Structure formats: C-alpha cells, structure tokens
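This structure is a prediction, so every number in the text was calculated from the model and none was measured. Letters A, B, ... are given to chains in the order of the sequence lines, protein chains preceding strands, and every chain is numbered from 1.
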Amino acid sequence: MEISSKYSPQEVEGKWYEHWMEKNYFHSTPDEREPYTIVIPPPNVTGVLHMGHMMNNTIQDILIRRARMQGKNACWVPGTDHASIATEAKVVNKLAQQGIKKTDIGREEFLKHAWDWTHEHGGIILKQLRRLGCSCDWERTSFTMDDIRSKSVIRAFVDLYNKGLIYRGVRMVNWDPKALTALSDEEVIFKDEHSKLFYLKYYLVESGECKVESEEGSIIHQDEKGYYAVVATTRPETIMGDTAMCINPNDPKNQWLRGKKVVVPLVNRVIPVIEDDYVDIEFGTGCLKVTPAHDVNDYMLGQKHNLESINIFNDNATISEAAGMYVGMSREDCRKQIVIDLKEAGLLEKIEDYNNKVGYSERTNVPIEPKLSMQWFLKMEHLADIALKPVLNGDIKFYPSKYVNLYRHWLENIKDWCISRQLWWGHQIPAWYFEWKTENGERKVDVIVALNKEEAEKIAIEKHGLSVFRSPFSVLRQDDDALDTWFSSWLWPLSLFNGILDPDNAEFKYYYPTNDLITAPDIIFFWVARMIMAGEEYQDEVPFKNVYFTGIVRDKLGRKMSKSLGNSPDPIELIDKFGADGVRMGMMLSAPAGNDILFDEALCEQGRNFCNKIWNALRLVKGWNVDENAAQPEAAKMAVKWFDARFNQVLAETNDNIDKYRLSDALMGIYKLTWDDFCSWYLEMVKAPQGQGIDRVTYDATIKFFENLMLLLHPFMPFITEEIWHAIADRKEGDDIIIAQQPKLQAIDEQILKQFEFTQEVINNVRKVRSDKNIAFRDAIQLVVKGTANKDFDCVIAKLCNVSEVSYVAEAPAGAFGFIVGSTEFFVPLTGSVDVEAEIKKLEEELRYAQGFLKSVEAKLANERFVNGAPAAVVEKERKKKADAEAKIAVIEQQLASLRK
RNA sequence: GGGAGCUUAGCUCAGUUGGUUCAGAGCAUCGCCCUUACAAGGCGGGGGUCGUUGGUUCGAGUCCAACAGUUCCCACCA
C-alpha cells in the first residue's frame with residue numbers, strides 16, 4: 001500500500017485517543033505498584049483552553065505518560081474550579097442583558113442560573129485537553145463545587161473555626177466596587193499610574209486663642225483670607241471624609257500648626273490638626289489629610305487618635321449620602337468636579353504631575369476602594385509557619401529553585417487571609433446568626449459555625465434553650481457570603497481523594513502525597529503556598545514533592561498573551577493546523593522550567609516537520625524487503641553496533657534531563673538522536689543497495705531501534721509514536737506503546753562512539769571535498785590513507801561517500817586533495833584538477849592555527865605556578881594536548897614539504 | 001523604597017564544582033542539489049573579543065565589586 005509522503009495527524013490522533021479511552025488506559029486504581037500522582041491545576045469551569053493551559057498540561061501529560069512507562073501506577077486527576085468571582089460576573093452580565101438584576105431574583109434563583117451556565121459552558125476545556133492528548137483519569141473528574149469537594153470545604157472551615165484559626169471582624173479590606181465584594185490582598189494588582197498631586201488649602205480656624213507663632217524653620221502660608229495649611233493629595237474627592245489633618249511632630253516647617261484646627265475646603269468641616277510620626281516630613285508639604293474610612297493608613301491613624309470615620313462611598317464607589325455633597329456621582333466624575341469647584345473657590349494652590357501606584361481588582365480591573373467592613377479571616381501565622389519548613393528543608397523542591405526565596409519572603413510577611421466574599425456563587429459560609437430577644441426586650445445575636453443547618457439548630461438549642469429557640473422573636477439565618485475560591489482550591493490534593501472527609505480511606509492513603517505539581521508562578525501565593533499549608537495542617541505531610549513552575553507564554557515580541565491584544569492563538573486551531581504532537585513539541589522546545597516562553601507558530605511548524613521526518617523514516621523501513629538469505633553487510637554490522645551505543649548514551653542523558661525537569665533539553669536530545677543519528681546516519685548506513693533486499697539481522701535491529709526511539713519519544717508526542725508503533729510491527733491486542741515500558745539502559749560502548757566520531761569527521765571532510773570540487777555523488781572516488789589506522793569503519797566511509805576503495809599507503813600520493821583528522825592524513829586523488837597553491841594555502845592556515853594553539857599550551861606548561869598549582873589531571877591533559885598538537889604540526893609540515901617539491 | 005533574576009551567534013536559549021570534551025544547540029541565513037523515505041527534504045558553509053569596567057587567580061563565559069540595560073516579586077509614603 002502506498003503511504004503518503006506527508007504525515008497527517010488528523011487521521012491518526014482521534015483514532016488513538018479513542019482507542020486509549022476504550023482500553024481504559026488512563027484510569028488508575030490502587031494496586032501494588034508505586035503510585036505516581038498529579039492533580040491538575042483546575043481551570044475555570046467555564047473557561048476555554050489558552051496557551052498557558054496548553055503548555056502546563058503538555059508538561060503534566062509528559063510526566064504522567066513517562067511514569068506509566070516506568071511501571072508506575074500513574075494517576076492524573078482532572079477537574080475544574082468554580083471560579084467564584086469570575087463565573088458570577090459572567091452570569092451577572094448575562095442576566096443583565098436580559099434586564100435581570102441579581103438582587104431582584106434572589107440567591108436561589110440566581111444560583112439556578114449559575115448552575116445552568118456552568119452546565120452549558122462547563123467542561124469544554126476538559127474536552128479540549130483530550131485533543132491535546134492528555135491522559136487524565138477522566139473517571140475521577142472533579143469540580144470544586146461537587147458534593148465531596150463542597151463538604152470538604154465546609155468541614156475545613158468548621159474545623160479551622162473550632163481551632164480558633166478563623167475569626168470574624170471589622171477590618172479595612174480591599175473592596176471591589178464592581179463585583180461588590182471584598183478581596184484578598186493577593187487579588188489586588190498595583191499598577192503605575194500617571195496622576196496628579198493636588199495641593200489644597202486648609203484654612204486655619206480664627207479664634208481668640210488661635211495665634212500663629214513663627215518659629216525657626218516655619219513655613220507659614222497666609223493670604224487675604226487668613227492663614228492656611230497646604231495638603232497634597234492624589235484623591236481630592238475624599239475630602240468629605242476628612243476628619244483630621246496630620247503633621248509630624250518633628251517637622252519644623254509645620255510647628256506653627258500644632259494644636260490648631262483647620263477647615264476642610266468646600267466641605268467647611270472643622271477638623272483638628274493631629275501629630276504622628278507616620279507622616280513623612282519630606283513628602284508634599286508634610287501635611288496629610290486623614291480620611292479614616294478610605295485609606296488603610298488613615299484608618300490606622302484614626303484608630304490611634306480616636307477619629308471619627310465618615311464613609312463617603314456607597315458599595316459601588318459612588319458618593320454616598322454621608323458625604324453630604326456630590327451625592328450619587330462616580331468617584332471619577334466627583335474628582336473632576338471637585339477640582340473645578342476647588343479652583344473656583346480659590347482653594348486649590350497648584351497641581352503637579354505625579355506617578356503613583358493604584359490597586360486594581362485582579363478580576364474586574366477596576367480600582368480597589370479600601371473599605372471598612374465585617375469579614376471572615378483565616379489566621380496565617382501558624383499556617384505560614386508549617387508551610388515554610390518543608391520548602392526550606394527540601395521535602396518539597398521547587399523548579400527552578402529561585403522561587404524558594406520568593407516563597408519564604410511571602411510567608412514571613414504574611415497577613416491574615418480575608419476569605420469571605422460578598423458573592424453567591426461559591427461555598428456559602430457555614431455560619432448562622434441566631435437572633436433572639438432577651439427578657440428585657442434586648443435583641444441579641446450569637447454566631448454559630450456548624451456543618452449544616454440542622455447542626456446549627458442543635459447548637460442554638462443547646463446554648464440558648466428550646467423555648468428561646470422556638471420563640472417567634474428568634475431567627476436563625478445563614479451568613480450570606482461565600483468563601484474565596486482559593487479556599488476550596490487549597491484543599492484540592494486532599495479533597496480529590498476525599499482526604500478531608502475520610503482521611504483513612506484507601507485511595508487517599510495510596511495516592512497522597514502526590515508527586516509533581518505543575519503550575520504557573522503567578523499563583524505561587526494564591527494556591528501553591530496554601531496547598532502546602534493545608535497539607536501540613538491536615539495530614540502533617542506535604543501535598544506534593546516537586547513543584548515545576550512553568551513560564552508565562554508570551555508572543556514572540558515578549559508580550560503577555562491577552563484577549564485585548566488579540567495575540568493569543570486559538571490552541572485548537574493550532575492543533576488542527578500542526579497536529580497535537582507538533583504543537584506539543586513546539587511548546588516544549590522552548591520552555592525550560594521557569595523561563596517565559598516566547599511563542600511562535602514556527603515552533604509548531606518545527607514539531608510538525610519532525611513528525612513528517614519520522615513518518616518518512618517509517619516509509620523507508622516499510623518499503624524494505626527482507627532477504628532471508630542475505631548476509632549482514634559489514635557497514636550495517638558496524639552501524640548497528642554504533643547506534644546501539646549512541647542510543648544508550650542519549651537514553652542516559654534523557655533520563656537525567658527528565659529527572660531534573662529539563663524537558664526541553666530531553667526532547668531536543670531525542671530530536672537530534674532521531675533526526676541526525678537515526679535518519680541521517682544510521683539509516684543511510686544500513687540501507688540496502690537499490691533493488692536488493694535487506695538481511696534479517698539488520699532489519700530486526702532497525703525495527704528494535706525504531707521502537708526504542710518511539711518509546712523514548714512517546715511521552716512528548718503520544719499520537720505519532722502510537723501510530724508508528726503499530727505500523728512497524730504486528731502487534732497483539734493490547735500491545736500499545738502507551739503502556740509499554742521505557743527501554744532499560746544498557747552498557748555504553750565508549751570505544752565505538754569515539755571511533756565513529758572520528759569516522760564522521762572523515763566523512764564530513766570527504767563530503768566537503770566533493771562539495772568544493774563539485775563532484776557528484778554518483779561519481780565514485782578513492783580515499784587514500786597514509787600510514788595505518790583502525791579500519792573498522794572503512795566500509796561505512798565507502799558506503800556513505802561512494803568511495804570505491806579505501807587504500808593505505810606509506811607515502812602521500814601526488815595530485816590529491818588532502819585533509820587531516822586527528823593526526824591521520826587522508827587524500828582524495830583527483831586527476832589533473834588539483835590546485836597545488838590552494839592546497840598549500842589551506843595547509844598553511846591550518847599550520848598557523850595549530851602553532852598558535854601549541855604556543856599557548858606551551859606557555860601554560862612553562863609556567864611553574866601552573867604546573868605546581870593546577871591539579872595533576874589538568875596538567876596531564878595539557879601535556880597530551882601539546883603532544884597532539886606537535887604531531888599534527890609535524891604532519892602538516894610534512895605535507896607542505898611534499899607539496900612544495 | 002526593599003528584594004530576586006536575567007544580559008552568550010540574526011532569534012530563542014544551554015553552558016551544573018573556574019582549566020579545548022568551552023565558546024555550544026535549535027531555528028533562521030547563505031551555497032549546491034528534485035541522489036528512487038522525506039523540498040515540511042539532502043549535503044556543505046558562514047556567523048559571537050560571552051552587557052561594560054575593574055578585581056581575585058598561573059588561568060574567568062564561569063568567582064567578586066561597581067556600572068548600564070532589562071524582567072519580575074514585595075511594600076501603607078498621601
């Protein structure tokens with residue numbers, strides 16, 4: 001049957017994936033084998049595959065497939081994340097398009113919509129992973145909001161609350177005015193902003209006691225309206241919330257303001273001047289306006305100095321009633337208007353350009369508003385403590401290791417984790433508020449944390465008595481808030497095997513701790529660190545042993561891929577175009593651990609080309625006819641010996657590279673072994689002459705080598721390797737490469753590798769002579785060797801260079817092109833056309849180089865301090881170099897002499 | 001403001017304890033080839049004073065210092 005000269009992945013990939021699924025090869029159950037476990041970083045349930053996923057999951061699949069081929073019980077657990085804030089935002093948007101507001105339909109109805117949305121869009125990404133070839137144990141597919149995972153989250157919350165690690169309190173939190181929820185510190189992204197610094201006039205209150213005294217260094221402002229202080233601010237729209245002005249007590253230029261009262265511009269509220277070291281004397285005028293409700297530092301000052309706190313913003317960051325003016329305006333509009341009004345009122349001294357950092361919501365990309373609110377927090381001190389140890393002592397290894405520092409720094413400076421979100425999509429906080437009326441009519445509230453409502457009721461009854469509980473004035477209602485998404489993700493390695501609810505179950509005991517975690521460095525704090533905390537807290541054991549941080553996928557200009565830039569290719573389209581194997585290879589070739597990868601379609605093209613190369617090697621071998629009577633030619637015999645050694649050499653390197661998570665190096669090694677060593681050298685050496693059959697020994701060896709190459713390559717390129725596996729030999733049912741075992745490392749014949757390297761150099765030289773002199777390959781030539789040499793590979797030289805005869809002589813032949821390999825002289829006799837002058841010139845060049853080299857070596861050896869100081873082996877090496885160089889020079893000189901005759 | 005990393009061929013990167021197995025790889029490029037597996041290919045070639053400047057050393061891409069450029073992380077200077 002004719003095989004196409006182009007490999008077509010479209011015809012191959014789907015077929016094999018189905019076959020693997022049918023055979024249930026991806027599924028794992030505990031047995032006596034060593035487990036190898038990976039849990040997927042769960043993508044957003046309603047998301048679609050992007051390049052980051054492609055890379056990340058390719059790596060996971062490589063590791064999982066390799067483990068499977070090493071006889072381990074490989075288990076890769078897939079799943080998705082409910083992505084609380086992101087998904088809720090999408091559902092809210094969708095409802096808005098239908099004119100529905102979430103608050104109008106209520107929690108239950110909203111959740112119905114959210115589940116519909118989840119079911120409709122959910123799991124697309126997992127299907128896409130199948131196209132990529134991912135060998136996940138799909139039977140284990142989980143969701144952070146499925147039954148077990150949800151119950152695990154609730155159990156963990158209750159448990160941590162009972163341990164005293166979770167508390168509820170009023171704190172300054174990061175408020176997202178678009179999503180209308182609190183966020184954790186990690187969800188705030190600071191961006192540089194070109195903004196303005198506004199200098200506002202705060203006039204002093206005139207009164208009898210208020211006397212301005214000039215002291216040394218004072219800078220007093222005064223105009224026709226009186227004395228005034230100048231405050232520099234980037235946020236003039238918050239003046240309605242000012243309840244003090246603060247100076248540094250050690251600031252000479254503002255001494256005159258001590259104990260005074262000033263008037264907030266436009267607002268006309270009188271506020272005191274307070275003093276605190278916190279104020280930076282050098283910044284602006286050294287006067288700080290204090291808005292305790294809207295700035296973290298001001299809040300701290302407010303607490304310290306007992307200031308009133310005026311919340312001038314509504315939850316959506318419009319101006320509130322409490323502000324008394326500009327009510328209902330957006331903060332942006334308000335700023336514009338207030339600047340105009342200040343100017344008109346003569347209260348704006350000047351405006352300067354200013355660069356500062358503004359916190360934005362990671363999800364909704366709107367500026368964060370610091371807001372005082374009641375939230376739930378997880379205490380981090382203890383958890384940080386237990387999570388630091390395993391990373392510092394090497395129980396968990398980071399690749400690359402530079403992330404250890406980052407990790408440590410974060411844990412050592414950690415703050416409590418705000419875990420409540422004012423969202424509905426997610427795990428509702430298992431806290432109930434029991435409200436009742438005391439005998440004297442006072443209303444009271446008790447917070448009850450319990451696994452479910454029934455439990456909560458039981459506790460309420462226990463604590464407050466049945467009659468109080470049943471009283472018509474009593475209410476038990478659950479906290480409205482949901483938990484941060486990461487509060488479920490951090491349990492992932494535990495909860496996937498039901499280790500929170502049932503820590504003694506056999507599966508959990510078998511699969512946990514998992515082996516490798518492959519993730520992006522930008523979630524090292526969000527996720528990695530917290531999983532380690534949870535693992536240590538619940539199992540007193542690490543959740544995984546190695547963490548491989550991938551780089552961020554960028555476009556070839558180094559820009560982050562994003563929807564708005566439109567520079568992110570659709571991974572599925574790439575697979576359609578280049579095949580999954582091609583794309584996988586493209587991703588892996590330039591993705592050393594931790595380095596950003598600059599993605600370029602050309603890399604996938606290289607992957608596709610490689611597939612094609614392999615495909616054509618198959619075509620060649622398939623075209624061979626075995627001649628059972630044929631004896632094995634010498635060249636083929638040597639080729640088999642050599643390739644066997646070479647294969648084992650690369651096998652050792654590959655194993656080493658993968659053990660060190662240097663996957664791109666490993667793949668490159670296999671690529672070169674296949675393309676250069678196998679295709680360009682080996683196959684050319686063993687090819688039978690036109691029209692002849694190949695002998696049995698060589699054929700079998702070749703098939704074996706081909707198989708071994710495919711085994712080595714399979715984790716990286718699963719589809720084409722399975723296809724080739726089945727094409728090169730008759731396979732019994734179930735003899736599939738995916739479950740075959742990796743080749744075992746055999747002894748490497750170093751001697752033959754050295755000999756062959758020498759041979760390659762000879763062949764390259766002959767080819768160069770051919771190329772230089774324009775001698776077509778079909779025209780046979782002769783090769784003359786001066787003196788003696790190892791003749792083992794002469795047959796190979798003859799075959800690959802179309803040399804009719806390799807002969808050995810004592811004297812250099814006249815009229816021949818010469819070259820030197822090592823210190824052996826070779827000649828290609830060519831009738832009539834030798835340009836003696838050119839040959840002399842070439843040799844002189846070589847001589848110059850060799851002499852220069854010799855000189856440097858001699859200088860080194862003449863240096864007593866080197867001979868005495870350097871290790872003996874190094875000195876010995878130099879002596880050898882000297883001897884070699886001298887031999888080479890002698891040879892060149894001799895040749896020159898004979899040419900000049 | 002603090003901290004970490006990076007800077008080697010046109011591009012993307014290796015270079016693990018300092019010593020021609022150290023100046024490499026892949027891609028790109030150039031020349032010649034439709035040689036019956038492969039033009040998504042074959043064969044051959046060119047290309048870097050290892051960011052700069054000092055220092056340590058017999059010897060530095062490799063160690064140290066400073067500087068420049070660049071990336072990232074953290075941080076309550078309005």
message: Taking donor-acceptor contacts at under 3.5 Å, does the side chain of Gln606(A) reach the base of A28(B)?
response: no
statement: If pairing means Watson-Crick or G-U wobble with both distances under 3.5 Å, then the partner of C50(B) is none
task: Nearest whole angstrom, please: distance from the C1' of C73(B) to the CZ of Phe526(A).
output: 13 Å
task: Among C38(B), A78(B), A14(B), find the nucleotide with the atom closest to the side chain of Ser5(A).
output: C38(B)
- request: Check every strand shown and say whether Val279(A) touches a base, only sugar-phosphate, or nothing at a heavy-atom separation below 4.0 Å.
  value: base
message: Is the distance from the ring center of Phe678(A) to that of Phe705(A) below 6.0 Å?
response: no
query: Over how many whole Å does the gap from Ile524(A) atom CD1 to C72(B) atom C1' extend?
result: 12 Å
query: Does the side chain of Arg767(A) get closer than 4.0 angstrom to OP1 or OP2 of G44(B) through an N or O atom?
result: yes
Lys196(A) charged N/C atom sitting above Tyr354(A) aromatic ring, 6.0 Å / 45°: no
statement: Whichever of Ala602(A) and Arg235(A) has the more 5' nearest nucleotide on RNA chain B, that residue is Ala602(A)
Which nucleotide in A37(B), A78(B), C27(B) has an atom nearest any side-chain atom of Lys687(A): A37(B)
statement: Across every strand shown, the nucleotide meeting Watson-Crick or G-U wobble geometry with A14(B) (both distances under 3.5 Å) is none
- request: Tell me which nucleotide among G44(B), U16(B), C76(B) gets nearest to the side chain of Lys660(A).
  value: U16(B)
- request: Using the closest heavy atom to pick a nucleotide of RNA chain B for each, name whichever of Arg608(A) or Glu282(A) lands nearer the 5' end.
  value: Arg608(A)
- prompt: What is the nucleic acid contact for Thr291(A), judged by heavy atoms within less than 4.0 Å: base, sugar-phosphate only, or nothing?
  reply: nothing
- prompt: Side chains of Tyr278(A) and Asn297(A): do they bring a donor and an acceptor to under 3.5 Å?
  reply: yes
field: Side-chain N or O of Tyr403(A) closer than 4.0 Å to phosphate OP1/OP2 of C74(B)
entry: no
field: P spacing across the pair U8(B) / U16(B), given as an integer number of angstrom
entry: 16 Å
task: Please indicate whether Glu750(A) has more than 12 foreign heavy atoms, meaning atoms of other residues, nucleotides or ligands, lying under 6.0 Å from its CD.
output: yes
field: Between G59(B) and A14(B) - P atom distance, rounded Å
entry: 30 Å
task: Quote, to the nearest angstrom, the P distance that separates G48(B) from A9(B).
output: 10 Å
Whole-Å gap separating P (C43(B)) and CD1 (Ile797(A)): 17 Å
statement: Winner on side-chain proximity to Glu684(A), out of A75(B), A25(B), A37(B), is A37(B)
Ser771(A) vs G31(B): side-chain N/O to OP1/OP2 distance below 4.0 Å: no
message: Looking at Tyr354(A), I'd like to know whether one of its side-chain N or O atoms comes within less than 4.0 Å of OP1 or OP2 on A78(B).
response: yes
message: Using a 6.0 Å distance limit plus a 45 degree cone around the ring axis, check whether Lys350(A) lies over the aromatic ring of Tyr199(A).
response: yes
query: Looking at residues at least two apart in the chain, or sitting in another chain, which of them share a salt bridge (Lys or Arg N to Asp or Glu O under 4.0 Å) with Glu349(A)?
result: none
Complement of U29(B), any strand, by Watson-Crick or G-U distances under 3.5 angstrom: G45(B)
task: Quickly work out the Lys773(A) NZ to G31(B) P distance and round it to whole Å.
output: 20 Å
query: Among A37(B), A14(B), A25(B), which nucleotide sits nearest the side chain of Arg662(A)?
result: A14(B)
field: Base paired to C34(B) (Watson-Crick or G-U; both N/O distances under 3.5 angstrom)
entry: none
- prompt: Given C73(B), C27(B), A78(B), which nucleotide is nearest the side-chain atoms of Tyr671(A)?
  reply: C27(B)
- prompt: Does some side-chain heavy atom of Tyr699(A) sit less than 4.5 Å from a side-chain heavy atom of Val686(A)?
  reply: no
query: With respect to the side chain of Lys768(A), which nucleotide from G45(B), G26(B), G42(B) is positioned closest?
result: G45(B)
task: Whole angstrom is fine here: how far is it from CG in Asn405(A) over to C1' in U71(B)?
output: 17 Å
field: Pairwise P distance, G18(B) and C58(B) [rounded to whole Å]
entry: 15 Å
Below 4.0 Å: OP1/OP2 of G42(B) and any side-chain N or O of Trp675(A): yes
task: Find the distance Asn774(A):CG to U35(B):P and express it as a whole number of Å.
output: 16 Å
task: Among the candidates A78(B), A37(B), C76(B), find the nucleotide nearest to the side-chain atoms of Phe283(A).
output: A78(B)
Short side-chain N/O contact to G42(B) OP1/OP2 from Lys613(A), under 4.0 Å: yes
- request: Could you check which nucleotide pairs with A68(B) in any of the strands shown, counting Watson-Crick or G-U wobble with both distances under 3.5 Å?
  value: U7(B)
- prompt: Between Asn612(A) and G41(B), does any side-chain N or O lie under 4.0 Å from OP1 or OP2?
  reply: no
task: Write down the distance between CG (Asp298(A)) and P (C76(B)), rounded to a whole number of angstrom.
output: 14 Å
query: Have His305(A) and Asp276(A) got a donor and an acceptor in their side chains that come within less than 3.5 Å?
result: yes
Nearest to side-chain heavy atoms of Lys6(A), which nucleotide of A40(B), A78(B), G26(B): A40(B)
message: At less than 4.0 Å, is any side-chain N or O atom of Asn609(A) found next to OP1 or OP2 of G41(B)? Yes or no.
response: yes
- prompt: Touch check for Lys357(A), heavy atoms < 4.0 angstrom, all strands: base, sugar-phosphate only, or nothing?
  reply: base
Nearest to side-chain heavy atoms of Asp280(A), which nucleotide of G45(B), G42(B), A78(B): A78(B)
- prompt: For C6(B), does either OP1 or OP2 sit under 4.0 Å from a side-chain N or O belonging to Lys402(A)?
  reply: no
- request: Please state whether the rings of Phe610(A) and Trp675(A) are parallel, tilted or perpendicular, taking 30° and 60° as the class boundaries.
  value: parallel
query: P atom, C6(B) versus A66(B): distance in rounded Å?
result: 16 Å
task: Apply salt bridge (Lys or Arg N to Asp or Glu O under 4.0 Å) to Lys201(A) and list each qualifying residue two or more places apart in sequence or on a separate chain.
output: Asp223(A)
query: Which value, in whole Å, describes the distance between the C1' atoms of nucleotides G61(B) and U7(B)?
result: 12 Å
field: Spacing of the C1' atoms in A65(B) and G19(B) (rounded, Å)
entry: 24 Å
- request: Nearest whole angstrom, please: distance from the C1' of C43(B) to the CD1 of Ile775(A).
  value: 14 Å
P gap between U52(B) and A39(B), integer Å: 44 Å
Nucleotide paired to U56(B) in any strand shown, Watson-Crick or G-U, under 3.5 Å: none
field: Pair assignment for U62(B), Watson-Crick or G-U wobble, requiring both distances under 3.5 Å
entry: none
